[in-house]
Amino acid sequence: MTDAPARVSIAEWRSRRRQLLAAGLREPPYGGPLDRHVDDGDRRLARLLFDNSAASLRLWNFVLTEEDRLHAARAAGCRIVGAMKDLGTVPVMVFSLENVVAFYPDGAWWIPCLMEQSAGLLSVADRLGLNESFCPVRAMPGAFVTGEHFPRPDLLTCSVGATCDDFSAIAQRLEGLGYPILWWEMPHRRRPDPDEKPVALPGGLFAPAGQVAFVSGELGRVRKAIEDLAGRRLDDAALAAGIRRANRVRRLLAGLRELGFTTAVCPLPALEMLLAEMLAIHFCSDRAECIRVLEELLAEVRTRVRCGAGVLPREAVRVFWVNPVADLRVMNLLEDCGGRLCGTDFMFCHALDAIPEDVPPMEALARAAIADPMVGPSADRAERICADVRHFGAEAVVVSRIPGASHCATEGDVIARIVREKLGIPVVEIEVPPISDAIRPGLQTRLEALVETVREQRR
Ligand code: SF4
């Protein structure tokens with residue numbers, strides 16, 4: 001279904017979809033025109049540019065219908081787990097049973113952007129004492145209180161310990177509001193001492209065996225809570241099967257990233273790459289459909305690569321992006337400024353790495369969880385970024401700070417210094433609020449300067 005890949009507006013998608021339907025496109029039950037989501041309140045979509053493939057249309061519709069999916073799951077008798085401050089571990093356990101689904105309440109982070117602040121979640125946060133000194137995840141308790149964005153979960157889990165101050169404080173406030181939380185502890189990851197047994201983690205790091213065993217014990221408590229909720233056993237065989245399905249998602253994403261970031265002509269825009277990567281965290285509440293969405297997207301990208309077709313000029317500057325953007329529109333802006341995405345660390349690269357399948361499942365999950373880039377030293381994160389920059393051949397790095405985020409105060413400096421020292425490529429730090437229109441000229445100048453610097457170096 002590939003013809004002339006391009007970035008198009010939501011208005012252009014209207015006629016594009018009619019063409020695709022006339023050509024035989026069959027949509028899933030959640031399919032439909034993208035602009036209906038604008039009518040439902042997701043106003044920001046009207047300001048974005050989208051990839052024009054049927055696969056991307058399906059991706060967007062899949063992501064934007066998650067709330068309906070959760071309500072349907074509950075109506076069908078499923079129990080719902082909200083997995084907070086957990087990027088890709090508890091959902092793997094939850095989806096190992098058939099009568100439970102998981103979602104990611106922290107994803108409310110993007111509601112102020114998508115709804116252009118019209119949902120009032122940040123005002124609710126203000127009233128709860130969670131003011132602008134917190135990062136945009138402060139929208140999450142607002143979503144719980146208003147009850148308008150996802151159903152109330154039957155079980156809420158949250159990791160503590162090596163967790164940012166913002167989330168610890170916000171989750172504690174949430175519990176104080178009457179939402180009981182099962183806390184599980186994640187220690188600060190450190191390198192093993194000489195007398196400690198080292199355990200290899202996905203992504204290439206090592207942790208002391210004692211830390212991995214501790215996390216495995218903590219996840220054991222989560223396992224028990226899921227079993228109690230589901231009313232059935234979550235045994236090792238079910239967990240191992242769940243890990244294999246999660247790895248299917250991760251392999252599809254690895255294929256997408258490899259082609260998307262390394263092909264000479266960019267086959268898929270930055271915005272759709274970001275959206276696809278986000279699926280690794282909790283499969284957007286439907287693992288089977290998530291796999292089908294990613295299979296179709298990867299097939300589209302393979303076709304484009306085979307035809308030498310892309311969405312951006314061949315000379316686009318290859319940029320590695322650090323941290324997710326609170327305003328999705330900035331992914332478009334990178335491309336408007338002459339850049340393309342060639343590598344990402346959206347704070348969950350451990351959720352993209354394959355979970356080990358050759359060790360007992362609880363240990364495998366513990367290894368995956370403790371590989372989280374946000375639970376260890378920033379220098380470890382920077383080393384992984386350098387390795388990925390080399391792998392994907394990026395020519396510059398953008399460190400995108402998140403307003404109010406406690407870890408962003410110093411981490412950006414550490415990452416920028418290590419990248420400059422090791423790779424000698426330009427790095428720029430920007431800050432992206434949920435609606436960036438007011439500072440767009442400044443962001444554009446910074447990104448254009450970065451692109452121009454690389455072009456100058458190429459000459
Ligand atoms: S401070 Fe950073 S890691 Fe913590 S919730 Fe906010 S964005 Fe996430």
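Remember, it's 1-based here, ligands and their atoms both numbered in the order they're listed.
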Regarding Asp51 and Ser56, is there a side-chain donor-to-acceptor distance under 3.5 Å anywhere?
->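 Judged by distance alone, the side chains do pair up.
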Residue pairs, two or more places apart or on separate chains, that pass side chain to side chain donor-acceptor pair (under 3.5 Å) and touch residues 117-140 =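 Residue pairs passing side chain to side chain donor-acceptor pair (under 3.5 Å), neighbours aside: Asp126-Arg138, Asn131-Ser133.
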Which protein atoms of type N, O or S are found under 2.8 Å from atom 2 (Fe) of ligand 1?
->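 For atom 2 (Fe) of ligand 1, the protein N, O and S atoms that sit under 2.8 Å away are His407 NE2.
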Salt bridge (Lys or Arg N to Asp or Glu O under 4.0 Å) involving Arg292 - partner list, sequence neighbours excluded =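 So Arg292 forms a salt bridge (Lys or Arg N to Asp or Glu O under 4.0 Å) with Glu289.
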In ligand 1, which numbered atoms sit nearer than 4.0 Å to a non-hydrogen atom of Trp109?
->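 Near Trp109, meaning under 4.0 Å from one of its heavy atoms, ligand 1 has 7 (S).
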Does Glu98 CD have over 12 foreign heavy atoms under 6.0 Å away?
->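 Not buried by this count: 12 neighbours or fewer within 6.0 Å.
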If you draw a 6.0 Å radius around CZ in Arg191, do more than 12 non-hydrogen atoms from other residues or ligands fall strictly inside?
->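 No, because the 6.0 Å sphere around CZ of Arg191 holds 12 heavy atoms or fewer from other groups.
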Applying ring pair (Phe, Tyr, Trp, His ring centres under 6.0 Å), which residue pairs with at least one partner in residues 318-339 are found, sequence neighbours left out?
->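 Output for this query is empty, none listed.
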